[in-house]
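Input: a single structure, listed below in structure tokens.
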Protein chains: 2
Amino acid sequence: MTQSLAPETKDCSDCPIRHRAVCAKCETDELALLEDIKYYRSFSAGQTVMWAGDRMEFVASVVSGVATLTQTMEDGRRQMVGLLLPSDFVGRPQRETATYTVTAASDVVMCCFRRKPFEHMIANTPHIAHRLLEMTLDELDAAREWMLVLGRKTAREKIASLLSIIGRRIADLSDKKSGQSITFDLMLTREAMADYLGLTLETVSRQVSALKKDGVIVLEGKRNITIPDMRRLMEEAGDDSDGGLLF
Amino acid sequence: MTQSLAPETKDCSDCPIRHRAVCAKCETDELALLEDIKYYRSFSAGQTVMWAGDRMEFVASVVSGVATLTQTMEDGRRQMVGLLLPSDFVGRPQRETATYTVTAASDVVMCCFRRKPFEHMIANTPHIAHRLLEMTLDELDAAREWMLVLGRKTAREKIASLLSIIGRRIADLSDKKSGQSITFDLMLTREAMADYLGLTLETVSRQVSALKKDGVIVLEGKRNITIPDMRRLMEEAGDDSDGGLLF
DNA sequence: CTCCGGATTTGATCTGTGTCAAGGAAAGCT
DNA sequence: AGCTTTCCTTGACACAGATCAAATCCGGAG
């Protein structure tokens, strides 16, 4: 998952999507092309980046902050269907209108690419298409993992799963070794967590308290979380503890 | 969604994956390449096509029948994460081992492609990569739609959603107009439906009976379902009734 | 420093779905 | 035809999580 995409690749070291996104193998001329069609936008916490049904003028890559993808039913029931951390990609090439509402959960900076030229670039640059395919397949796997969480896990397991997933992403980004304790600021309200997990905010609050009481997590204030033992958390989440060893 | 991929494209009219899959724009030499690396396999209902963790020797396309993708927790809780109907694609290029267990829900015929040469073909044939990207994005949307079902809908709405999704696929395949009543054989056991919906088989049974009593569906035997009014069913599913009209 | 409003916690109660249990119906086999 | 097996239905009851309600916490504005 953490590939050998040396972030220090010279040609595109300033490109915000270098980690996982389209310009993994940037060459100079492609970078120039990217530079031509890209621009940055900032959003403050709580702001809506794009409404479901809006005409989509750009696709983008998250540079910093956390954004969410949500779907809403007529009567207001909401389900988060994606959590976008730095380096994640937003938007679907070839599609005119947005399918989901994109919201900034914290202050967010995005690197936007005008959609039309971006589509053109995909069509003409095979390795970008491949990279995008790879990323989409990763997202599909994540969505499917989430289906198990939503369909079959208890409230406590759901919370543990969410914290474990975010914890691992953070640990990856900051090169933590497994075994070390991990501390991070959770940039989601209890309500956002509930929307992600298919729970109510009250249940989220109760289960977070329970995990804290049982020493699975340590809370400093409301949002700053320390995971003393990742293995323990993953057991609580109901994940295989044997880190992927298969017979 | 139903694209203008004339199924009668001469060059690949006998290719089982012509509808949505990689050879949408087959040219003669590519077809030859496909012919070289593909073969057919049949599976009988209930048979496991591939276990999670198995080495993946092929990717494939469903020719006929219904297959399922499932994930299982250590204690046996199961969640279906994909329902594969004819023309759907199975397997992830570039990945050595299968992530999910693939099971034949009914008798199934698959068109298999040896993985290595298939990967090679993707690398060398841009439009195949694009087609695969398109298909993967469709699957991602389907998975996200399913997250809303799993996270926020009631048991009754879940059943209605499943029937509506299958009904629409069937209607598409057989060129039914909307407004007509649709009849089809549901090729899933109550248990498989439960695994898909994050319910127990008893709850599925009860809610199917309830929908039948209320005239939303008509049952002939256990499996043969008629949907007299698709609009009504979609209301029951909690979907927007205005077929996607956005201001 | 104090006040205010959103975020969070906690409590009491209700309810939809799970669990356990017992039959029933259809399909295949001898 | 009778038996077995698998799938499905229905009932009674339990419980996890939702709902309703009320404090409490905390950061920012004044």
Side-chain angles (χ1 to χ4, degrees), chain A residues 44-47 73 75-79 103 105-107 149-163 185-214 217 219-225 236 238, chain B residues 44-47 66 73 75-79 103-107 149-163 185-214 217 219-225 236 238:
Chain A
S44 48
Q47 205 179 343
M73 292 171 66
D75 60 8
R77 279 177 283 175
R78 248 183 312 172
Q79 176 63 49
T103 310
S106 64
D107 290 352
V149 172
L150 289 171
R152 292 302 187 191
K153 292 193 178 179
T154 65
R156 173 184 259 245
E157 289 169 335
K158 284 179 173 181
I159 302 287
S161 297
L162 177 60
L163 296 180
D185 274 307
L186 189 58
M187 3 43 184
L188 298 173
T189 64
R190 298 288 123 113
E191 189 182 21
M193 293 172 70
D195 283 344
Y196 205 2
L197 297 166
L199 297 170
T200 59
L201 94 202
E202 292 95 329
T203 299
V204 169
S205 180
R206 277 186 250 272
Q207 297 298 337
V208 169
S209 298
L211 287 174
K212 175 185 173 185
K213 183 166 69 63
D214 297 345
I217 59 175
L219 280 182
E220 189 94 33
K222 308 287 183 194
R223 302 278 191 90
N224 187 91
I225 292 189
E236 290 287 351
Chain B
S44 49
Q47 206 180 343
V66 180
M73 292 171 67
D75 60 8
R77 280 176 282 175
R78 249 183 311 170
Q79 177 64 49
T103 310
S106 64
D107 291 350
V149 173
L150 289 172
R152 292 303 186 191
K153 292 194 177 180
T154 64
R156 172 185 261 248
E157 289 169 335
K158 284 179 173 181
I159 302 287
S161 297
L162 177 59
L163 296 180
D185 273 307
L186 189 58
M187 3 42 186
L188 298 173
T189 64
R190 299 289 124 112
E191 189 181 23
M193 293 172 71
D195 284 344
Y196 204 4
L197 297 166
L199 297 171
T200 58
L201 94 202
E202 293 95 330
T203 299
V204 170
S205 181
R206 276 186 252 272
Q207 297 297 339
V208 169
S209 299
L211 287 175
K212 174 185 171 185
K213 183 165 70 62
D214 298 345
I217 59 174
L219 280 183
E220 188 96 32
K222 309 286 185 193
R223 302 279 191 90
N224 187 89
I225 293 188
E236 290 288 350

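Worth saying up front: this structure is predicted, and the values here are computed from it rather than measured. All chains are named by letter (A, B, ...) in the order of the sequence lines, taking the proteins before the strands, and each is independently numbered beginning at 1.
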Sugar-phosphate only, base, or nothing, as touched by A:G198 at under 4.0 Å among non-hydrogen atoms: sugar-phosphate
Sugar-phosphate, base or nothing in reach of B:S205, heavy atoms under 4.0 Å: base
Short side-chain N/O contact from A:T203 to OP1 or OP2 of D:dG17, under 4.0 Å: no
Any A:T200 side-chain nitrogen or oxygen under 4.0 Å from OP1 or OP2 of D:dA18: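 For A:T200, the contact criterion (side-chain N or O under 4.0 Å from OP1 or OP2 of D:dA18) is met.
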Closest heavy-atom contact between [X] and [Y]?
X: A:E157; Y: A:K153; value: OE1-CA, 3.4 Å
X: B:V149; Y: B:K158; value: O-CE, 3.4 Å
X: A:G151; Y: B:L150; value: CA-CD2, 4.2 Å
X: B:Q207; Y: B:A155; value: CG-CB, 3.8 Å

If you go through the side-chain atoms of [X], does one of them form a donor-acceptor pair with the base of [N] closer than 3.5 Å?
X: B:E191; N: D:dC7; answer: no
X: B:R206; N: C:dG16; answer: no
X: B:R190; N: D:dT10; answer: no

Would you kindly give the [atom1]-to-[atom2] distance between [X] and [N], to the nearest whole Å?
X: A:I159; N: C:dT8; atom1: CD1; atom2: C1'; value: 13 Å
X: B:R156; N: C:dT15; atom1: CZ; atom2: C1'; value: 17 Å
X: B:K212; N: D:dC8; atom1: NZ; atom2: C1'; value: 11 Å
X: A:K153; N: D:dA16; atom1: NZ; atom2: P; value: 18 Å
X: B:R152; N: C:dT17; atom1: CZ; atom2: P; value: 14 Å
X: B:L150; N: C:dT17; atom1: CG; atom2: P; value: 13 Å
X: B:L201; N: C:dT17; atom1: CG; atom2: P; value: 16 Å
X: B:E202; N: D:dC13; atom1: CD; atom2: C1'; value: 13 Å

Under 3.5 Å: donor-acceptor pair, side chain of A:D195, backbone of A:Q79: no
Toward the 5' end of DNA chain D, by each residue's nearest nucleotide, A:G221 or A:L199: A:L199
Among C:dG18, C:dT9, D:dC8, the nucleotide that comes nearest once only the side chain of A:S209 is considered: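 Out of C:dG18, C:dT9, D:dC8, the nucleotide with an atom closest to A:S209's side chain is C:dT9.
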